[in-house]
Number of protein chains: 2
Amino acid sequence: MESEQIITALEALAQEHRLAAFRALVKAGPPGLTPSVLSEKLALPAPTLSFHLAQLRHAGLVNVTRDGRSLIYVANYDAMNGVVAFLTENCCADACAPASCSVKPTKVKEKTHETPARARRRA
Amino acid sequence: MESEQIITALEALAQEHRLAAFRALVKAGPPGLTPSVLSEKLALPAPTLSFHLAQLRHAGLVNVTRDGRSLIYVANYDAMNGVVAFLTENCCADACAPASCSVKPTKVKEKTHETPARARRRA
DNA sequence: ACAACATTTCCATAGTTATGGAATTATGGA
DNA sequence: TCCATAATTCCATAACTATGGAAATGTTGT
């Protein structure tokens with residue numbers, strides 16, 4: 001996944017109402033939700049919600065289909081997992097093994113940062 | 001983790017230079033990196049970098065210590081994992097089991113969305 | 001004390017984002 | 001066709017964010 005796409009996705013999620021909408025869709029699963037349902041759930045005026053859903057759509061985080069007069073928004077789990085994968089990339093590799101990390105380290109170095117200034121202070 | 005903190009973290013990561021800086025720090029591991037090194041790596045003027053590092057700091061995504069004249073920025077892996085956990089929360093539960101999902105579903109419903117309009121169309 | 005270095009803060013400017021009422025488009029039922 | 005419903009687009013406004021030169025702050029070695 002390109003880092004430009006990742007930024008678009010992060011921008012989309014970095015907003016109160018969009019994060020709430022996305023989470024509601026993740027929770028709703030494959031059946032998805034309509035804008036009117038979301039509008040009520042999140043207490044947002046239709047145009048405002050529409051604006052935010054468009055951002056999530058452009059970021060590829062949600063997909064839309066029509067069902068009669070209603071549109072149905074569904075979370076795109078693959079996109080979400082792409083973002084998560086990008087953020088955890090290079091984490092928990094040789095250099096890093098925090099307790100909370102869910103990915104297993106391949107090897108842990110016990111190396112401490114030793115700068116000239118620190119060495120001098122030690123001496 | 002509070003959703004307000006999550007939004008602050010996502011805002012911090014949703015910017016080209018900050019995402020690049022954060023990833024460089026994740027890759028660098030516990031030894032961390034100084035602003036001057038980052039400034040060169042990312043080709044950013046010092047004040048601009050400083051501005052972005054401050055945002056990452058306020059978002060709790062990085063920690064700083066001083067070593068002589070230099071500051072040392074280190075990625076906060078716990079914070080990053082908190083963001084990841086928040087995003088994947090409620091995912092891959094009963095209602096959802098995408099192929100790409102890394103978390104095992106507890107149970108998979110084979111339920112399709114059946115709206116009035118769809119039912120009518122089918123009939 | 002002073003010079004040199006590392007980094008930050010200050011600040012004006014340019015650009016971007018969020019908001020919601022009014023108008024518009026699309027769909028389905030009578 | 002005409003009406004009601006679902007959702008979007010339009011648009012002006014207010015608020016926020018990024019940028020980088022100049023100045024200020026803190027730190028070390030002489």
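Below, chains carry the letters A, B, ... as their sequence lines are ordered, and counting in each starts from 1. Bear in mind the structure is a predicted one, so any value in this text is a computation, not a measurement.
- A heavy-atom distance below 4.5 Å is found between the side chains of Leu38(A) and Leu53(A).
- Listed pair Thr48(A) / dT19(C) fails the phosphate criterion, with no side-chain N or O lying under 4.0 Å from OP1 or OP2.
- Picking from dT9(D), dG20(C), dA18(C) the nucleotide with the shortest atom distance to the side chain of Ser50(A) gives dT9(D).
- Ser70(B) has a side-chain polar atom (N or O) that falls below the 4.0 Å cut-off from OP1 or OP2 of dT7(C).
- Between Ser36(B) and the phosphate of dA6(C), there is no side-chain N or O to OP1/OP2 separation shorter than 4.0 Å.
- The CG atom of Leu44(A) sits 14 Å away from the P atom of dA7(D) (whole-angstrom rounding).
- The phosphate of dT17(D) (OP1 or OP2) has no side-chain N or O of His52(B) nearer than 4.0 angstrom.
- Nearest approach of Met80(B) to Leu61(B), heavy atoms of both residues: N-CD2, 4.3 Å.
- Straight-line distance from the CG atom of Leu13(A) to the C1' atom of dA18(C): 17 Å, rounded to whole Å.
- Summarising the geometry, the separation between CG on Leu42(A) and C1' on dG20(C) is reported as 16 Å, rounded to the nearest angstrom.
- Contact between the side-chain N/O atoms of Gln15(B) and the OP1/OP2 oxygens of dT19(D) is found at a separation under 4.0 Å.
- If you measure from atom CD of Glu16(A) to atom C1' of dT17(C), you get 14 Å, rounded to the nearest angstrom.
- Gln55(A) has its CD atom 14 Å from the C1' atom of dT9(D), to the nearest Å.
- Pro47(A) comes within 4.0 angstrom of a base, heavy atoms only.
- Using a 4.0 Å cut-off, no side-chain N or O of Tyr73(A) falls inside it from OP1 or OP2 of dA6(D).
- Taking the charged nitrogens against the carboxylate oxygens, Arg23(A) and Glu89(B) do have a contact shorter than 4.0 Å, which makes a salt bridge.
- Between the CZ atom of Arg66(B) and the C1' atom of dT7(C) there is a distance of 7 Å, given to the nearest Å.
- In this entry the distance linking CD of Glu11(A) with P of dA18(D) reads 10 Å, nearest Å.
- With rounding to the nearest 0.5 Å, the separation of CZ in Phe51(B) from CD in Gln15(B) is 8.0 Å.
- With rounding to whole Å, Leu56(B) atom CG is found 10 Å from dA18(D) atom P.
- Using a 4.0 Å cut-off, some side-chain N or O of Arg18(B) falls inside it from OP1 or OP2 of dA18(D).
- Checked against dG20(C), dG28(C), dA18(D), the side chain of Arg69(A) finds its nearest nucleotide in dG28(C).
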